[in-house]
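Everything on this sheet refers to the single structure shown next.
None of these values were measured; they are calculated from a predicted model.
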Amino acid sequence: MPNRLKRQPTEKANPYQSQPLPIGRPVAVYYRQSTDAQIGNISTTLQTVDMVEHLIQYGWLREQILMIDMDAGVSGSKKIKERPGMSMLYDLIESAEIGLVAAQDVDRFFRDVTQIETNIFIDACRRNNVMVMTPRLIYDFAHPTQGKFFMQQFREESQRAA
């Protein structure tokens, strides 16, 4: 009788705990200002310099952090493909090239009254296991038990911003 290999027991993730941050995967920082007049204000520093430092404190290396800053002066009410930075971010999510995207707040991503673009973004993140980090909350749309909660929270934040 052939000698069969035994499977090593694998540790299952606890569905009731937060999943670990994807420190080993690249992360994108999404920066957007609504108007040209806002560029360079305190919010710019919070969204760029401070967010990068925040990610480094969590364990990412500076070379793992991609800054997406092409949407300065672009409204968050525009569609994903109408914003160069958001379009690039969406493509990175769909190709699973990043494990997390960070922004200063949900309103940096969307001010979407219809929630159509918001839901397209959530679905892409969920399918590709990409987390979304803001200083207030880390959204894990693919979480086995809390994913729906995170989706609802993200939608509500986006709706409030609209």
Side-chain contact, heavy-atom cut-off 4.5 Å: [X] with [Y]?
| X | Y | value |
| --- | --- | --- |
| Val132 | Cys125 | yes |
| Pro144 | Gln19 | yes |
| Tyr31 | Ile68 | no |
| Met51 | Pro135 | yes |

Would you mind listing every ring pair (Phe, Tyr, Trp, His ring centres under 6.0 Å) that reaches into residues 114-140, with sequence neighbours excluded?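 Qualifying pairs, neighbours excluded: Phe109-Phe121, Phe110-Phe121, Phe121-Phe154, Tyr139-Phe154.
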Which residues satisfy the ring-ring contact (aromatic ring centres under 6.0 Å, His included) test with Tyr58, sequence neighbours excluded? His54
Got a donor-acceptor contact below 3.5 angstrom from the Gln115 side chain to the Val113 backbone? no
Not counting sequence neighbours, which residues clear side-chain contact (heavy atoms from CB on, under 4.5 Å) with Ile56? List them please.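 side-chain contact (heavy atoms from CB on, under 4.5 Å) check on Ile56 returns Val52, Glu53, Arg62, Ile65.
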Those residues that, when tested against [X], pass side chain to side chain donor-acceptor pair (under 3.5 Å) (two or more places apart):
| X | answer |
| --- | --- |
| Ser158 | Thr118 |
| Thr114 | Asp112 |
| Glu156 | Gln152 |

Got a sec, which pairs hit salt bridge (charged side-chain N to carboxylate O under 4.0 Å, His left out) with one end in residues 133-150, sequence neighbours left out?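 Non-adjacent pairs meeting salt bridge (charged side-chain N to carboxylate O under 4.0 Å, His left out): Arg136-Glu157.
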So does Asp123 pair up with Arg126, basic N to acidic O under 4.0 Å? yes
For Arg155, salt bridge (charged side-chain N to carboxylate O under 4.0 Å, His left out) partners two or more places apart: none
Pairs under 3.5 angstrom only: tabulate donor-acceptor contacts from the side chains of residues 91-100 to other protein residues two or more places apart or in another chain.
from  : atom 1 : to     : atom 2 : distance (Å)
Asp91 : OD1    : Lys81  : NZ     : 3.0
Glu94 : OE1    : Arg127 : NH1    : 3.1
Glu94 : OE1    : Arg127 : NH2    : 3.4
Glu94 : OE1    : Asn128 : ND2    : 3.2
Glu94 : OE2    : Tyr90  : OH     : 2.9
Glu94 : OE2    : Arg127 : NH2    : 2.6
Ser95 : OG     : Asp91  : O      : 2.9
Ser95 : OG     : Leu92  : O      : 3.3
Ser95 : OG     : Glu97  : OE2    : 2.8

